[in-house]
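Numbering of ligands and ligand atoms starts at 1, following listing order. Bear in mind the structure is a predicted one, so any value in this text is a computation, not a measurement. Each residue takes its place number in the sequence, starting with 1.
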Amino acid sequence: MTSRAVRKPSTRFILERYGDLLPITDRTPMVSLGEGGTPLVRSRSIERELGLKALYFKLESMNPTGSFKDRGMVLAIAKAVEDRAEAVICASTGNTSASAAAYAVRHGLKAYVIVPDGQIAMGKLAQAIVHGATIVQLAGSFDDALNVVREIATRHPVALVNSVNQHRIEGQKTGAFEIVDDLGDAPEILCIPVGNAGNITAYWRGFSEYYRLERAGQRPQMWGFQAAGAAPIVNGAPVEHPETVASAIRIGNPASWQQAVEARDDSGGRIRAVTDEEILEAYRRLAAEEAVFCEPASAASVAGLIRQHREGADLSGKTAVCIITGNGLKDPDTALGIAATIHRAESDLASVERALGWV
Ligand code: F0G
């Protein structure tokens, strides 16, 4: 037998790759579904238009359940197992529940998910169903659901895996580590959608940790974006009835509000609102010009950057990274709402040629 050189990739999985910076013990189960190691894809059109030195999209949509939640969930559920939990619970606008359901199955735990009735994207509900979670549709908002699960977790033997669980934030900070490792340093600007504000908190923690360890020479300005109809941090007051097409970030009273404000202020950044029209325009452009199919909440980061440029922010010579938090396939209803011409044809060559306008 001839021996062949096998190229082993360096490990992508965050618990192994960044284990030295995570709260892992020798009892933490190192189970992975392949989370992390997501690509930074360079912009081909929006970068030029904004006059940036470089614009990258970090495709967190390529995580195993299609969103960034998997980074935090792999750790939160591993720690729940370590603590001998038998069940986990979360409130969710959809992605957290999909991720919790998947990682719970992998570890043999029960998952209970509480979602606002009729307000989560179809693909996300489908994920919770197929992974066998127990699903409660609550006649209320995400904020109501979060209040309920926080109370439940104090009364029943279930581990709470919303981002108020610090293991979620710890896992998600690895997204910042990867950006620095891929680019060689932090970018000048990090654009991120803000809902419950866990992810902006996590990224800032990750960039700050790498800076302290001198693995990064700079930290980015954190630019967070909320939907205009669900912009409590921008308004400075909770929103009782949040409304936006970006259902993932339809949140009126974020749990990590204070930490998001600290990330903004410590980084010299900003948290601003973008309208649903701006979100949908960025969503459409990302898919049609950049080949990035994301969900509307993810497009808020790009919509925000475009708006900052329009309002006069000087981006020249700077590198920006936009976090693409979730996969477009999760929300087919929004995609199908884009005006499109779909042609019909009989099942023969001539008919298809006619439909295409070629004869
Ligand atoms: N983008 C997507 C696709 C999300 O699902 C979320 C949050 C965010 C952005 C905002 O992140 O909450 O850390 O500020 N989704 C949560 C959920 C609330 O239940 O899936 P955040």
Inset, instruction - Say whether Leu109 and Leu160 are linked into one hydrophobic cluster, either directly or through other cluster members, by side-chain heavy-atom distances under 4.5 angstrom. - result: no
Inset, instruction - Can you pull out the closest protein heavy atom to atom 4 (C) of ligand 1? Residue, atom name and distance to 0.1 Å, please. - result: Ala248 CB, 3.5 Å
Legend entry - Backbone or side-chain N or O of Ser298 under 3.5 Å from ligand 1 N or O: no
Inset, instruction - Report yes or no: does Ser67 have a heavy atom closer than 4.0 Å to ligand 1? - result: no
Legend entry - Nearest non-hydrogen protein atom, atom 2 (C) of ligand 1: Thr325 OG1, 3.4 Å
Legend entry - Closest protein heavy atom (residue, atom, distance) for atom 16 (C) of ligand 1: Lys69 NZ, 2.8 Å
Legend entry - Any side-chain heavy-atom pair of Val302 and Ile279 under 4.5 Å: no
Legend entry - Contact (N/O only, under 3.5 Å) between Gly195 and ligand 1: yes
Legend entry - Proximal ligand 1 atoms for Ser92, defined as those under 4.0 Å from one of its heavy atoms: 17 (C), 19 (O), 20 (O)
Legend entry - Considering all heavy atoms, the nearest His309-Glu49 contact: CE1-O, 3.7 Å
Legend entry - Polar proximity ligand 1 side, Asn196 side, N/O cut 3.5 Å exclusive: yes
Inset, instruction - Look at the rings of Phe207 and Tyr203 and say which category their plane angle falls in: under 30° parallel, 30 to 60° tilted, over 60° perpendicular. - result: tilted
Inset, instruction - Check whether any N or O atom of Glu295, backbone or side chain, sits under 3.5 Å from an N or O atom of ligand 1, and answer yes or no. - result: no
Inset, instruction - Provide the number and element of each atom of ligand 1 under 4.0 Å from a heavy atom of Pro193. - result: 9 (C)
Inset, instruction - State whether the shortest distance between N or O atoms of Gln172 and N or O atoms of ligand 1 falls below 3.5 angstrom. - result: no
Legend entry - Residues Ser67 and Lys330: side-chain donor-acceptor under 3.5 angstrom: no
Legend entry - Residue pair Thr325 / Glu295, side-chain donor-acceptor N/O under 3.5 Å: no
Inset, instruction - Would you mind running through ligand 1 and noting each atom that sits below 4.0 Å from a heavy atom of Val194? - result: 14 (O)
Legend entry - Minimum-distance protein heavy atom relative to atom 11 (O) of ligand 1: Phe68 CZ, 3.5 Å
Inset, instruction - Give the residue, atom name and distance (to 0.1 Å) of the protein heavy atom nearest atom 18 (C) of ligand 1. - result: Thr93 OG1, 3.4 Å
Legend entry - Sub-4.0 Å heavy-atom approach of Ile323 to ligand 1: no
Legend entry - Exercise: identify the closest heavy-atom pair between Ala230 and Ile249: CB-O, 3.7 Å
Legend entry - For atom 20 (O) of ligand 1, closest protein heavy-atom neighbour: Thr96 N, 2.8 Å
Inset, instruction - List every atom of ligand 1 that sits less than 4.0 Å from any heavy atom of Gly198, numbering the atoms from 1 in the order shown and giving each element. - result: 13 (O), 14 (O), 21 (P)
Legend entry - Distance-only N or O hit between ligand 1 and Phe142, under 3.5 Å: no
Inset, instruction - Indicate, with yes or no, if Val74 and Leu21 share a hydrophobic cluster defined by side-chain heavy-atom contacts under 4.5 Å among Ile, Leu, Val, Met, Phe, Trp and Tyr. - result: yes
Legend entry - Any donor-acceptor N or O pair under 3.5 Å, side chains Trp257, Gln259: no
Legend entry - Single-linkage hydrophobic cluster Phe68~Val41, side-chain heavy atoms < 4.5 angstrom: no
Inset, instruction - Determine the minimum heavy-atom distance between Arg42 and Glu290, stating which atoms define it. - result: O-OE1, 4.5 Å
Inset, instruction - Return the orientation label for the Tyr18 and Tyr210 ring planes: parallel under 30°, perpendicular over 60°, tilted otherwise. - result: perpendicular
Inset, instruction - Say whether Ile135 and Met122 are linked into one hydrophobic cluster, either directly or through other cluster members, by side-chain heavy-atom distances under 4.5 angstrom. - result: no
Inset, instruction - Report yes or no: does a heavy atom of Ala197 sit under 4.0 Å from some atom of ligand 1? - result: yes
Inset, instruction - Note the single closest protein heavy atom to atom 8 (C) of ligand 1, along with its residue, its atom name and the distance in Å. - result: Ile249 CG2, 3.6 Å
Legend entry - Polar proximity ligand 1 side, Asn199 side, N/O cut 3.5 Å exclusive: yes
Legend entry - Proximity of Ile251 to ligand 1 by residue part, where a heavy atom lies under 4.0 Å: side chain
Legend entry - Lys NZ or Arg CZ of Lys110 over Tyr112 ring: under 6.0 Å, within 45°: yes
Legend entry - Nearest-neighbour protein heavy atom for atom 5 (O) of ligand 1, which is reported as residue plus atom name and distance: Asn95 ND2, 2.8 Å
